[in-house]
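In what follows, a structure is listed as structure tokens, so that the remarks can point back to it.
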Amino acid sequence: MNKMCLSDLSAELSGISMIITGLSNHIDEDCTKLNAAAFQQALFGVTCCLDRIADDLGKMSIE
């Protein structure tokens, strides 16, 4: 298994930040709305990424 480094985690967090910014367009009245299922799937994807990052950080702190 490859070791995670801080730059990898930083890139993942930046990506998640961009996803959340994109999802915030759902709230904007001038933008095309996501249907409820797509919005829910996108949020689920973000939570999965955050859980994986938390696990990776936990493993890094042990080593």
Side-chain angles (χ1 to χ4, degrees):
M1 180 175 173
N2 293 336
K3 288 178 105 176
M4 291 293 291
C5 67
L6 291 179
S7 62
D8 292 338
L9 292 173
S10 176
E12 284 191 274
L13 290 171
S14 293
I16 291 170
S17 177
M18 287 184 253
I19 292 169
I20 292 171
T21 298
L23 289 174
S24 71
N25 287 337
H26 179 73
I27 298 168
D28 189 359
E29 292 180 14
D30 297 334
C31 291
T32 303
K33 304 288 186 197
L34 291 173
N35 66 38
F39 192 72
Q40 193 171 29
Q41 288 174 348
L43 290 176
F44 178 75
V46 170
T47 60
C48 288
C49 288
L50 290 173
D51 288 344
R52 188 182 70 248
I53 291 169
D55 288 343
D56 290 340
L57 286 170
K59 290 173 188 174
M60 289 174 75
S61 68
I62 293 172
E63 296 173 356

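It should be emphasised that the depicted structure is a prediction, and the values quoted were computed from it without experimental measurement.
Every residue two or more places apart in sequence or in another chain that forms a side-chain contact (heavy atoms from CB on, under 4.5 Å) with Asn35 is listed here: Ala37, Ala38. Contacts of Ile53 classified as side-chain contact (heavy atoms from CB on, under 4.5 Å), with partners at least two apart in sequence or in another chain: Leu9, Glu12, Leu13, Ile16, Leu57. Residues forming a side-chain contact (heavy atoms from CB on, under 4.5 Å) with Ala11 (at least two apart in sequence, or on another chain): none. Ile19 pairs by the side-chain contact (heavy atoms from CB on, under 4.5 Å) definition with Leu23, Val46, not counting sequence neighbours.
The same ILVMFWY cluster, assembled from side-chain heavy atoms under 4.5 Å apart, contains both Leu6 and Leu50.
Remark: side-chain polar atoms of Ser24 are paired, donor with acceptor, to backbone N or O of Thr21 under 3.5 angstrom.
Within the model, atoms NZ of Lys59 and CG of Asp55 stand 6.0 Å from one another, a figure rounded to the nearest 0.5 Å.
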